[in-house]
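Presented below is the structure to which this report refers.
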Amino acid sequence: MGDRGLLLELGDEISFEVNEKVRRIALGIRAEAIDGIVETIPTYRSLLIIYNPLILPLDELKKKLKRLEEGLQQTPFPNPKLTRIPVLYGGLYGPDLEGVANYHQISSEDVIRLHCSKPYFIYMIGFMPGFPYMGELPEALTDRDLFNGESRRMADPRSNPYQNVRSGKGTTRSAPDGRSSSILSNH
Amino acid sequence: MERVAAFEVLEPGILTTIQDVGRYGFSQSGVPPSGALDPFSFTIANLLVGNREGEACLEATIMGLKLKALREVVIAITGGDLSPTLNRESLEMWRTHLLVEGDIIHFKRVRTGCRAYLAISGGFLVPKIMGSQSTYLSGKFGGFEGRALKRGDTLYSLPTQSPLTKLGLRFPAEWIPQWEKEAFLAVIPGPQDHHFTQQGFQTFCSSSYQVTPQCDRMGVRLDGPKIERRSDVEDSIISEGLISGAIQVPGDGKPIIILTELVTGGYTKIASVLSTDLTKVAQLKPGDRVRFFSISIEEAHQLIWEQEERFRSFKDFFEQR
């Protein structure tokens with residue numbers, strides 16, 4: 001990507017396996033502390049490496065990555081940490097709760113029960129500081145019409161907590177597609 | 001360390017923030033680099049006043065910033081020409097000036113470019129957050145209390161480091177960039193250029209695009225001929241990392257140049273602007289135009305090396321003074 005970014009694409013889907021590959025390489029790079037690598041941005045299925053070509057020429061970076069990839073299985077990979085997040089549903093804290101319930105033709109209580117029924121996996125952090133991209137919503141809360149369509153990512157069965165950076169107030173928005181309305185970032 | 005009150009903000013103008021080279025190493029946690037959008041002008045401003053090249057400066061946008069000096073300070077103004085004045089008299093850019101207590105600096109109106117940099121000898125004193133003094137506006141941290149300057153703010157500095165011999169130092173005129181109403185930007189295609197038809201890529205590289213009012217530190221939204229997408233691909237992709245200068249093309253087919261306040265995005269990217277051309281992007285304002293032309297990654301790296309050589313001659317120039 002451009003003259004300072006190398007994008008490694010490890011798959012074309014949102015999956016646990018692809019994401020683990022991405023994070024393994026990102027951890028490997030960080031452990032090596034390679035001179036000339038400015039940033040590593042691991043996302044669902046790709047890893048963006050931002051480098052300084054004045055310090056680290058592209059072919060040298062590629063060579064280093066190849067070597068690193070070979071030794072990757074030996075790198076220790078951390079177990080996921082489970083964090084429990086207290087959530088206030090409905091009313092002022094979740095004005096869309098009823099809408100979601102109506103959409104799926106279930107009760108608000110069922111939406112809450114389903115939403116709390118399983119742990120969510122954090123694929124990546126991006127868009128804004130600490131913003132986790134999480135999956136997957138219980139099937140009963142995903143958008144079936146879109147989900148049966150051609151693309152899985154149109155349905156994007158994610159549940160992302162939007163947080164107010166300053167006040168620390170938390171609220172969970174559980175929409176069929178967890179996208180925001182930012183003009184610049186279709187995140 | 002002893003700190004001194006350097007300026008009082010009489011008017012903040014359209015948007016004035018404190019920026020340094022940027023905040024690196026935290027993108028994986030969603031923290032974008034921020035930092036001076038025009039690295040060239042920013043660096044020269046610092047070199048003029050005898051600072052380290054990455055010291056925090058003021059980045060003023062379009063017009064309106066008015067400052068009162070609270071003591072003797074050495075400054076330099078570079079970047080876009082916002083018609084700076086000193087006590088109502090026109091003030092020469094790209095050179096050092098000594099201000100005395102009570103002097104008024106005013107950026108009256110934009111003539112060329114969009115963003116001016118004001119460096120002060122000693123640098124502006126704000127806390128470092130995650131290793132940087134840059135303001136991250138949408139994150140509300142860094143710089144001056146995480147926000148744009150307001151009327152009545154007092155800006156502090158460290159005591160001057162600049163020897164008096166630096167006074168009156170000028171950046172040679174032949175090295176000063178000219179900001180055109182139409183910027184020619186070199187781009188490196190990818191990573192989703194294959195999502196567009198050949199005709200679409202042709203449109204992108206042969207059309208003139210106009211900068212819309214949706215133009216800020218996050219990105220520059222352009223208007224112009226629609227870039228045709230292949231019929232078998234979607235508008236959006238699975239979110240991935242972004243680099244400053246990446247050109248996203250959302251569903252409407254109009255390009256957006258991403259700047260320093262975003263780390264991930266889910267739109268297709270047709271190309272990215274050559275990093276040394278980002279200085280031109282920073283100087284675009286609504287109504288200006290851009291044209292893109294495609295270069296290879298090898299050519300891009302060659303151009304980065306040439307820019308580095310130029311910077312070395314600038315540094316030699318400043319060290320000899």
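Here the structure is a predicted model, which means the values were calculated and not measured. Protein chains get the first letters and strands the later ones, always in sequence-line order, with residue 1 at the start of each.
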Does any heavy atom of chain B fall under 4.5 Å from the side chain of A/Thr40, the backbone, both, or neither of them?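 Both the backbone and the side chain of A/Thr40 come within 4.5 Å of chain B.
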
Measure A/Leu54 against the heavy atoms of chain B and call it side chain, backbone, both or neither at under 4.5 Å.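 Its backbone and side chain both get close to chain B.
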
Should [X] and [Y] count as side-chain neighbours, where that means a heavy-atom distance under 4.5 Å?
X: A/Pro129; Y: B/Phe141; answer: yes
X: B/Gln28; Y: A/Pro42; answer: yes
X: B/Thr264; Y: A/Tyr133; answer: yes
X: B/Glu240; Y: A/Met1; answer: yes

By a 4.5 Å heavy-atom criterion (distance strictly below it), what part of B/Phe26 contacts chain A: side chain, backbone, both, or neither?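 The backbone, not the side chain.
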
Region of B/Ile243 that comes under 4.5 Å of a non-hydrogen atom in chain A: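 It is both, since atoms from each part get that close.
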
Heavy-atom pairs under 4.5 Å with chain B are the metric here; pick the option from A/Leu47, A/Leu58, A/Ile125, A/Asp3 that has the most.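 It is A/Asp3.
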
B/Ile304 to A/Pro53 - nearest heavy-atom pair and separation: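 Closest pair (atom of B/Ile304, atom of A/Pro53, distance): CD1-CG, 3.7 Å.
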
Please name the pair of heavy atoms, one in A/Phe127 and one in B/Val263, separated by the smallest distance, quoted to 0.1 Å.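 Answer, listing the atom of A/Phe127 first, then B/Val263: N-CG2, 3.9 Å.
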
Value rounded to 0.5 Å, distance of OH in A/Tyr123 from OG in B/Ser239: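 If I round to the nearest 0.5 Å, the distance is 13.0 Å.
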
Look at B/Gly241, B/Pro33, B/Ala246 and state which one has the largest set of heavy-atom pairs under 4.5 Å with chain A.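 Among the listed options, the one with the most contacts to chain A is B/Gly241.
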
Candidate pair A/Glu39 and B/Ser27, rule side-chain hydrogen bond (donor to acceptor under 3.5 Å, both in side chains), full reasoning: CA-CA 7 Å; A/Glu39 298 269 8; B/Ser27 284; 3.2 Å; yes

